[in-house]
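Just below is one structure, and these are the notes that go with it.
What you see below is based on every heavy atom in this structure, not just the backbone, and it leaves out hydrogens, waters and symmetry mates. In the text below, chain A, chain B and the rest are named by the order of the sequence lines, each starting its count at 1.
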Amino acid sequence: MTANTNIPVATFDFHAREPYWQTRWAEKKVFEAPDIPPADKPKYYVLEMFPYPSGQLHVGHVRNYTLGDVVARYKRARGYAVMHPMGWDAFGLPAENAARERGVHPGKWTLQNIATMRGTLQRLGFSLDWKREIATCLPDYYGQQQKLFLAMLAAGLVERRDSSVNWDPVDQTVLANEQVVDGRGWRSGALVEKKTLSQWFLKITDFAEPLLDGLKTLDKWPERVRVMQERWIGRSEGAKVRFALHNPPPGYDADQNSVEVFTTRPDTLFGLSFIGIAADHPLARKVAENNAEAQAFIEECQRTGTSEEALSTMEKRGFDTGLCVVNPLDPSQTAPVWIANFVLTEYGTGAVFGCPCGDQRDLDFARKYGLEIPSVLLPTGQDEADFTLGKKAVTGDAVLYNSGFLSGKSTKEAIKAAITRLEELGVGEGVTNWRLRDWGISRQRYWGCPIPIIYCDDCGAVPVPEDQLPVTLPDDVTFETPGNPLDHHPTWKHVNCPKCGSAARRETDTCDTFVDSSWYFARFTSPKSATPTERKAVDGWLSVDQYIGGIEHAILHLLYARFFTRAMQKTGHLDVSEPFSGLFTQGMVTHESYSDDGQWLYPEEVEQRGDVVVRKDNGKIVKVGRSEKMSKSKRNTVSPVEIIERYGADTARWFVLSDSPPERDMEWTAAGVAASGRFMQRLYRLVQAVAEHDEASAEHGEAGDDLRRVTHRTIVAVTEALEGFSPNVAVARLHELASALGDAEGKAGAGLSAARREAAYVLIMLISPMMPHLAEELMLMLEPQGAMVVERTWPEADESLLAVRKVTIAVQVLGKLRGTVTCAPDAAKDDVLALAKAEPNVAKALVGKRIVKEIHVPNRIVNFVVAG
RNA sequence: GCGCGCUUGGCGGAAUGGUAGACGCACGAGACUUAAAAUCUCGAGUUCAAUACGAACGUGCGGGUUCAAGUCCCGCAGCGCGCACCA
């Protein structure tokens with residue numbers, strides 16, 4: 001390093017110096033991770049959820065990546081070999097929309113966006129290993145994904161099956177549930193149809209149990225994410241029960257004229273009131289063949305939307321099929337079969353048995369249609385003689401009665417006994433049911449990873465042979481006609497069957513983009529290898545020690561990634577079972593909104609004037625809305641690029657770390673950013689003064705001890721704050737150290753110079769994860785010949801300076817603070833108590849009182865319990 | 001409906017059961033300046049007292065445990081998030 005003789009005078013010139021340091025870091029390759037973790041250091045893999053290249057980085061990204069960068073830089077300083085990569089979740093619909101609306105090719109649009117956003121990330125000075133950058137839309141990546149797909153197919157983890165989908169007849173595409181608004185396609189406005197298509201499924205349900213059990217090992221995940229996943233997987237224990245039809249419709253023989261239901265409460269079978277079947281249950285369809293009313297009811301059920309809103313307001317309705325079943329545990333008992341609009345086809349067997357006394361919904365339904373309501377559950381503590389079922393079903397602790405061999409048993413015992421009997425009778429069995437469904441990944445879209453399959457009339461679905469991979473997307477596609485451009489392409493899909501050589505066609509569906517993000521963390525460990533992973537690299541670096549991202553991915557992305565990891569373990573591509581050992585979910589960045597007569601205004605169009613906010617153009621007072629999630633529609637957005645231009649990267653980084661704990665939402669305020677900018681310049685002046693006035697050769701002396709103690713306590717406090725993911729607390733402690741250094745400025749005394757230099761040095765090191773550019777600049781001033789900050793290690797606190805010379809002890813009388821006394825640390829109890837009693841205000845409070853008990857917590861508190 | 005989380009000054013927030021309000025923002029006063037900005041210093045929970053010593057109250061509400069509760073336990077309310085006709 002050369003001495004810098006051109007130190008700027010009073011301010012940190014971030015415009016010039018931030019890019020300078022970014023270049024220096026890149027030259028030294030300090031952020032490049034080795035392919036295989038070194039043996040002499042512990043490894044640490046820190047990863048932030050990679051962005052979709054929408055065009056511009058937003059401040060939510062800045063918060064996310066700054067948090068990750070603080071972790072990465074801190075761990076590096078602590079001696080870890082750090083892996084901190086970045087990439088792009090680059091497939092997806094917005095690129096196709098851009099193509100339709102602006103005529104730009106999705107690939108070109110995406111790559112331009114990546115270039116812009118990469119530039120912004122680089123200006124923020126993140127310690128990323130850019131050598132490992134990946135974009136999921138490039139054949140380098142998605143070709144390997146195709147290999148994974150085929151490996152999973154070979155391992156039996158992929159299946160092709162028919163499935164009912166939302167079909168937009170105008171756009172000729174499948175819509176996700178989220179894209180169906182009021183029964184219409186979100187783009188075309190066309191009435192959405194249910195259509196059965198052949199789709200590729202990943203068998204995530206094969207791993208339902210391990211995925212559930214694995215949650216228990218994830219002790220560094222937020223509790224609520226684990227709970228959400230647990231409920232999503234939705235294990236439920238119960239029984240399948242087959243009810244024989246007393247009067248089956250002619251020609252119906254599905255499973256020997258019976259209806260199979262799933263129940264978690266086989267103990268209440270004697271409380272059978274009715275059987276409810278879903279509108280598209282085979283039996284319902286059979287009934288409808290000869291019954292126009294039934295047909296009409298079924299159609300009505302299917303018309304009702306499946307949106308949450310529709311469901312929550314929907315009335316429970318049913319249609320009596322006239323059919324009747326026999327209770328398998330009591331052949332003398334029969335019950336009617338109803339088609340019910342609240343029974344889901346997709347869950348369980350698409351049929352339920354209604355037990356009104358134990359289930360509120362069943363009770364409401366039975367009452368509404370005047371069905372029989374046998375009472376079989378006696379609430380604990382109630383007497384059979386005087387218990388009558390009212391409006392509320394019995395859902396608490398209860399004992400069975402009126403239930404034959406189950407009578408007198410508790411719910412738990414009765415469930416066991418009922419299942420045993422059902423199995424003996426051959427009419428049912430205990431089963432575990434899961435809410436989790438297999439993952440349909442087929443999408444009728446262009447901008448996604450092609451599914452590497454060829455259809456041959458003779459050979460069926462044939463995997464594309466390895467030597468023909470990757471199956472790349474054709475560039476010459478048009479978006480004028482609705483539907484999948486791959487399907488319209490004149491030549492792309494026409495190929496010969498790899499098996500028999502006869503004319504065949506390619507699969508034109510592409511993968512759901514969630515597939516792309518399900519294994520990118522593994523690919524980062526060998527981003528250019530000719531196989532999906534390199535075992536030494538992937539097994540060495542995984543799992544990700546700290547994964548950081550938004551809570552909105554709590555279920556789908558994180559569950560899919562966990563599934564993929566297990567699937568790749570099975571296909572031999574890696575050997576860990578959980579991808580992310582630590583997870584941190586950060587809050588959103590919010591901003592006030594401004595409106596004038598219903599017209600939304602951008603923050604830069606208004607300014608604060610006294611207590612009001614006015615338009616810059618005409619001075620008119622605008623309405624200030626509450627701080628909420630930034631959105632284009634409310635124009636309450638802030639551009640990171642403008643912030644960097646005006647205040648510098650370090651200010652932006654410091655601001656997003658200040659004040660709010662990272663898991664909570666933070667409010668973006670202009671005043672807050674300006675304050676961060678002022679603090680940055682203050683640090684510059686402080687260290688500049690030290691560098692100019694305090695000789696490096698100075699020695700420590702007594703006058704500097706107070707400052708030294710603050711310095712070393714700050715090391716401990718900031719280290720703890722960063723370990724505990726509380727950068728906001730670290731920021732507060734660093735303000736204190738800066739103030740202490742400021743207070744010591746210009747004072748004379750033996751050792752003060754050395755203490756100031758030490759404080760400045762520590763300050764630089766401790767801010768460096770948050771404000772890395774400023775830290776380098778300050779270090780250059782303080783030690784012009786020294787190494788860069790990124791090459792130095794985290795400071796260690798000197799234990800002898802952590803011990804305090806005096807402690808202030810609070811003195812309470814009956815738990816109320818009456819004064820404080822100062823004494824030596826670990827002073828004898830008797831001395832402290834004597835001192836405490838002598839404190840005037842304490843003495844006053846003790847007058848005329850008898851001390852019953854004296855509590856002394858060393859170095860903390862004295863409490864006199866008094867009477868009288 | 002079920003589950004989870006949150007509730008502390010004007011605001012963001014801090015606080016291993018041990019001096020509540022650190023630190024910052026906004027605010028006020030002062031210094032510097034021809035002036036402004038920047039910078040620096042000081043003040044500030046509320047009420048009473050206000051020259052001061054101080055006192056009472058105070059972490060959403062009501063209970064409890066404890067010498068001591070923002071923190072632990074029970075109940076309630078409000079807000080937010082997630083899931084939701086899941087049998």
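In this view, A:Trp439 and A:Tyr560 satisfy the ring-ring contact (aromatic ring centres under 6.0 Å, His included) rule, not counting sequence neighbours. Under the salt bridge (Lys or Arg N to Asp or Glu O under 4.0 Å) criterion, A:Asp362 pairs with no residue at all, not counting sequence neighbours. For A:His856, there are no ring-ring contact (aromatic ring centres under 6.0 Å, His included) partners at least two apart in sequence or on another chain. Scored by the ring-ring contact (aromatic ring centres under 6.0 Å, His included) test, A:Phe14 finds no partners at all (sequence neighbours excluded). By the side chain to side chain contact (heavy atoms under 4.5 Å, CB included) test, A:Glu667 is found to be paired with A:Thr590, A:Glu592, A:Ser627, A:Thr669, residues two or more places apart in sequence or in another chain being considered. Residues forming a ring-ring contact (aromatic ring centres under 6.0 Å, His included) with A:Tyr647 (at least two apart in sequence, or on another chain): none.
Between A:Phe342 and A:Phe365, the ring planes are perpendicular. Angles over 60° get that label, and only those under 30° would be called parallel.
Annotation: ring-ring contact (aromatic ring centres under 6.0 Å, His included) contacts involving residues 713-735 of chain A, sequence neighbours excluded, comprise A:Phe584-A:Phe725, A:Phe679-A:His735. For residues 724-734 of chain A, the pairs satisfying side-chain hydrogen bond (donor to acceptor under 3.5 Å, both in side chains) are A:Arg733-A:Glu736, with sequence neighbours left out.
Here B:rA87 presents its C1' atom at 13 Å from CD of A:Glu346, a figure rounded to the nearest Å. B:rC83 atom C1' lies 13 Å from atom OH of A:Tyr347, rounded to whole Å.
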Extract from the structure each pairing of a protein N or O with an N or O of nucleotides 11-16 of chain B at less than 3.5 Å, listing the distance.
unit_1: B:rG12; atom_1: O2'; unit_2: A:Ser660; atom_2: OG; d: 3.0
unit_1: B:rG12; atom_1: N2; unit_2: A:Asp659; atom_2: OD1; d: 2.9
unit_1: B:rA14; atom_1: OP1; unit_2: A:Asn728; atom_2: ND2; d: 3.3
unit_1: B:rU16; atom_1: O4; unit_2: A:Arg860; atom_2: NE; d: 2.6
unit_1: B:rU16; atom_1: O4; unit_2: A:Arg860; atom_2: NH2; d: 3.1

Between protein and nucleotides 39-46 of chain B, what N or O pairs are separated by less than 3.5 Å?
unit_1: B:rC40; atom_1: OP1; unit_2: A:Arg682; atom_2: NE; d: 3.2

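Checked against A:Lys240 for a side-chain contact (heavy atoms from CB on, under 4.5 Å), the options A:Thr349, A:Val427, A:Ile419 give a single hit: A:Thr349.
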Handout entry: Bracket notation of RNA chain B in which parentheses pair within the strand, [ ] cross earlier pairs, and | pairs with another strand (Watson-Crick or G-U, under 3.5 Å)
Key = (((((((..(((.....[....))).(((((.......))))).((((.....))))..(((((..]....))))))))))))....
Practice task
For nucleotides 50-57 of chain B, just jot down a letter per nucleotide in 5' to 3' order: B, S or -, based on protein non-hydrogen atoms under 4.0 Å.
Solution key: ----SSSS
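A:Thr808 comes within 4.0 angstrom of a nucleotide base, judged by non-hydrogen atoms across all strands. Among the atoms of the strands shown, base atoms are found under 4.0 Å from some heavy atom of A:Val343.
A donor-acceptor contact under 3.5 angstrom links the side chains of A:Thr205 and A:Asp438, judged on distance only.
Centroid-to-centroid, the aromatic rings of A:Phe319 and A:Trp338 stay 6.0 Å apart or farther.
The NE2 atom of A:His553 sits 13.0 Å away from the CG atom of A:Leu559 when rounded to the nearest 0.5 Å.
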